[in-house]
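Below is one structure, written out as structure tokens; comments come after it.
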Amino acid sequence: MKQQTIYEVAVIAIGSLNSIRTKEPVISYFSNLQKCLSHLLGNLAIHGWEHSINYTAVYRSLKAKGKYTTEFSLAGNKIFKIVITPRIINPSISTLDIVTGK
């Protein structure tokens, strides 16, 4: 089977405001990193959030750390964070150290 990398984007509510009204993380999946960032930046712009996310920073962080994280705050309160993580579809199945018997 062919393996493919997809990108998981999680928007997680954090900070002191989350204790008042807890929210579940919102998770989306994208097959292309460029389209993932385009969609993410478009949604941030529509809702008026300032951002410093660019493709190169995300790509380098994914290669070096295995994930990209950024936090957003308003008036000194952390509101939410975005975590981008690569995931593998159809990973190779190992032999689980099973040895053939004779």
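These numbers were taken from a predicted model, which means no experiment stands behind them.
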At what distance, to the nearest 0.5 angstrom, does [atom1] of [X] lie from [atom2] of [Y]?
X: Leu41; Y: Ile46; atom1: CG; atom2: CD1; value: 11.0 Å
X: His39; Y: Asn32; atom1: NE2; atom2: CG; value: 13.0 Å
X: Thr69; Y: Ile12; atom1: OG1; atom2: CD1; value: 8.0 Å
X: Ile82; Y: Glu71; atom1: CD1; atom2: CD; value: 11.0 Å
X: Ile89; Y: Gln4; atom1: CD1; atom2: CD; value: 5.0 Å
X: Glu50; Y: Ser73; atom1: CD; atom2: OG; value: 11.5 Å

TODO: Grab the two heavy atoms, one from Thr85 and one from Gly66, that are nearest each other, plus how far apart they are.
DONE: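 Nearest pair, atom of Thr85 first, then Gly66: CG2-O, 3.8 Å.
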- [ ] Kindly give the heavy-atom pair with the smallest separation between Leu62 and Lys67, and that separation in Å.
- [x]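 Distance-wise, the nearest heavy atoms are CD2-CA, 3.7 Å.
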- [ ] Would you confirm whether Ser31, through its side chain, and Ile6, through its main-chain N or O, come within 3.5 Å as a donor-acceptor pair?
- [x]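 Not a single qualifying donor-acceptor pair exists.
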Task: Residue Tyr55 excluded, over 12 heavy atoms near OH under 6.0 Å - done: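 Atom OH in Tyr55 is crowded, with more than 12 foreign heavy atoms closer than 6.0 Å.
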If you define the side chain from C-beta out and look only at heavy atoms, does anything of [X] sit under 4.5 Å from [Y]?
X: Phe72; Y: Leu44; value: yes
X: Leu74; Y: Trp49; value: yes
X: Leu37; Y: Ile84; value: yes

